[in-house]
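Here is the structure we will look at, set down as structure tokens.
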Amino acid sequence: MKYLIKIEINDVEFQIHTEASSEREAKDNVWEIIRRKTAVTSIETESSEPTDHSIGRKLAEGIRSALLL
């Protein structure tokens, strides 16, 4: 039997056509298709520190660096 399965990722709808003997098998086929067709294109690290330091924090860092001299 042919199945048309629709999935949505971040408000983008995808349609996947598959053949299976049951709905359960169709779902399994969809996950297999997703695993096969999906690739990681890049991995980037994000800084957890804020890029915009407050005046107090800048002052504290300045004092700390002056004391280390």
Side-chain angles (χ1 to χ4, degrees):
M1 184 170 276
K2 293 182 180 182
Y3 290 91
L4 170 64
I5 298 177
K6 296 179 182 181
I7 61 171
E8 185 178 308
I9 302 172
N10 290 335
D11 298 326
V12 178
E13 188 177 280
F14 297 89
Q15 295 182 355
I16 300 173
H17 298 269
T18 187
E19 289 189 24
S21 59
S22 67
E23 286 186 22
R24 177 69 186 165
E25 184 182 353
K27 279 181 167 179
D28 291 343
N29 289 349
V30 166
W31 290 119
E32 183 59 35
I33 290 167
I34 291 170
R35 278 192 290 277
R36 241 186 11 246
K37 300 288 184 176
T38 304
V40 176
T41 57
S42 71
I43 298 176
E44 299 177 14
T45 58
E46 292 184 359
S47 175
S48 60
E49 292 185 27
T51 58
D52 185 19
H53 295 296
S54 67
I55 293 174
R57 185 172 181 122
K58 288 180 182 178
L59 179 62
E61 288 175 0
I63 293 170
R64 186 180 308 123
S65 64
L67 291 174
L68 290 175
L69 293 176

Heavy atoms from other residues, nucleotides or ligands near CD of Glu23 exceed 12 (cutoff 6.0 Å): no
Arg35, CZ atom: more than 12 neighbouring heavy atoms under 6.0 Å: yes
Atom [atom1] of [X] and atom [atom2] of [Y]: how far apart are they, to the nearest 0.5 Å?
| X | Y | atom1 | atom2 | value |
| --- | --- | --- | --- | --- |
| Thr38 | Ile9 | OG1 | CD1 | 7.5 Å |
| Ile43 | Thr41 | CD1 | OG1 | 9.0 Å |
| Ile7 | Ile16 | CD1 | CD1 | 4.0 Å |
| Phe14 | Glu8 | CZ | CD | 9.5 Å |

What closest approach, in Å, do [X] and [Y] show between heavy atoms, and which atom pair accounts for it?
| X | Y | value |
| --- | --- | --- |
| Glu19 | Asn29 | O-ND2, 3.1 Å |
| Leu4 | Gln15 | CD1-CB, 3.7 Å |
| Ala20 | Ala26 | CB-N, 3.5 Å |

